[in-house]
Amino acid sequence: MAKRIVVLNGSPRRNGNTSCLIEAFTEGAESTGNTVQVFFLQGMDIHGCRGCFGGGKDPEHPCVQRDGMDEIYPAYKEADVVVLASPLYYWNLSGQLRTAFDRLFAVAECDPDYANPRKECVLLMAAEGDDFAEVENYYDKLMGHMGWTDRGKVLCGGVLKVGDIEGHGDLDEARNLGASI
Ligand SMILES: Cc1cc2nc3c(=O)[nH]c(=O)nc-3n(C[C@H](O)[C@H](O)[C@H](O)COP(=O)(O)O)c2cc1C
């Protein structure tokens with residue numbers, strides 16, 4: 001069954017290594033009939049969560065803040081699969097992605113028990129080094145908390161500059177993962 005996939009791209013580099021992983025993943029996912037919508041977070045006006053616990057009153061606008069998240073909320077609501085795509089920044093997801101993800105709390109606030117909508121999830125990452133242990137642990141915890149199902153991770157180490165990922169085998173891995181969704 002075709003699925004709706006939302007990709008949150010947390011890299012500030014539009015043509016960077018993370019974006020290449022996303023491109024390959026998208027190619028695979030679309031080849032098997034899925035639809036993919038990518039949000040390049042760096043280009044969006046997304047503010048940090050205020051921690052006000054005042055959201056969830058209007059499912060059309062779950063957060064009290066009105067900004068770029070208003071584009072993401074409807075797509076997130078409809079999505080079967082969420083792809084978290086990010087460069088490794090200090091052993092974690094980038095601030096751009098963390099900031100947007102915090103704001104999804106407002107969607108949980110729409111439920112009296114703070115239940116998150118059920119999703120499948122994919123992690124795509126690029127890094128100079130190869131130490132993904134902390135972020136994998138973080139991601140696994142996040143999946144447990146959200147009640148989401150992990151569909152796979154592509155963690156591409158050894159890429160620093162834009163273009164370093166060209167010809168890397170992990171692009172095939174991302175393409176195959178996309179096709180398997
Ligand atoms: C602020 C910052 C922090 C970084 N932290 C790490 C890190 O902890 N581990 C690592 O291997 N690479 C780190 N890097 C390197 C990036 O992960 C690497 O350049 C990656 O390919 C960038 O992906 P992009 O091209 O999609 O932006 C860091 C880069 C920056 C700018």
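A quick note: this is a predicted structure, and the numbers were derived from the prediction, not measured. As the structure lists them, so they are numbered: ligands from 1, and atoms in each ligand from 1.
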Original post:
When rounded to the nearest 0.5 angstrom, what is the spacing between NE2 in H145 and OH in Y114?
Top reply: 11.0 Å
Original post:
Where is the nearest protein heavy atom to atom 16 (C) of ligand 1: which residue, which atom, and how far?
Top reply: L88 O, 3.8 Å
Subject >> Pairwise distance OH(Y89) to CG(L97) - rounded to 0.5 angstrom >> reply: 11.5 Å
Original post:
Looking just at side-chain N and O atoms, do N9 and T18 make a donor-acceptor pair shorter than 3.5 Å?
Top reply: no
**OP:** Kindly assign one of parallel, tilted or perpendicular to the pair W148 and Y76, based on the angle between their ring planes and the thresholds 30° and 60°.
**Re:** tilted
Original post:
Hey, does G16 come in under 3.5 Å of ligand 1, counting only N/O atoms on both sides?
Top reply: no
Original post:
What is the closest protein heavy atom to atom 5 (N) of ligand 1, and at what distance does it sit?
Top reply: Y90 N, 2.9 Å
Original post:
Among protein heavy atoms, which sits nearest to atom 23 (O) of ligand 1, and what does the distance come to when rounded to 0.1 Å?
Top reply: P87 CB, 3.3 Å
Original post:
Do any heavy atoms of V162 fall under 4.0 Å from ligand 1?
Top reply: no
Subject >> Check: D130 N/O within less than 3.5 Å of ligand 1 N/O >> reply: no
Original post:
Does a sphere of radius 6.0 Å around CZ in R118 hold more than 12 heavy atoms from other residues, nucleotides or ligands, not counting ones at 6.0 Å or beyond?
Top reply: no
**OP:** Output all residues satisfying side-chain contact (heavy atoms from CB on, under 4.5 Å) with V162, sequence neighbours left out; order by chain, then residue number.
**Re:** R13
Subject >> Closest approach of any protein heavy atom to atom 27 (O) of ligand 1, naming residue and atom >> reply: S11 OG, 2.8 Å
Original post:
Can D80 and R151 be counted as an ion pair, charged N to O under 4.0 angstrom?
Top reply: no
**OP:** Check side-chain contact (heavy atoms from CB on, under 4.5 Å) between D67 and all other residues, then give those that pass, not counting sequence neighbours.
**Re:** D45, H47, Q65, M69, R103
Subject >> Numbered atoms of ligand 1 (with element) below 4.0 Å of W91, judged on heavy atoms >> reply: 8 (O)
Subject >> Residue and atom name of the nearest protein heavy atom (relative to atom 19 (O) of ligand 1), distance in Å to one decimal >> reply: L160 O, 2.8 Å
**OP:** Would you mind checking which non-hydrogen protein atom is closest to atom 11 (O) of ligand 1, with the distance to 0.1 Å?
**Re:** G129 N, 2.6 Å
**OP:** Can you pull out the closest protein heavy atom to atom 18 (C) of ligand 1? Residue, atom name and distance to 0.1 Å, please.
**Re:** V159 O, 3.5 Å
Subject >> atom 31 (C) of ligand 1: the protein heavy-atom neighbour that sits closest, reported with distance to 0.1 Å >> reply: Y89 CE1, 3.7 Å
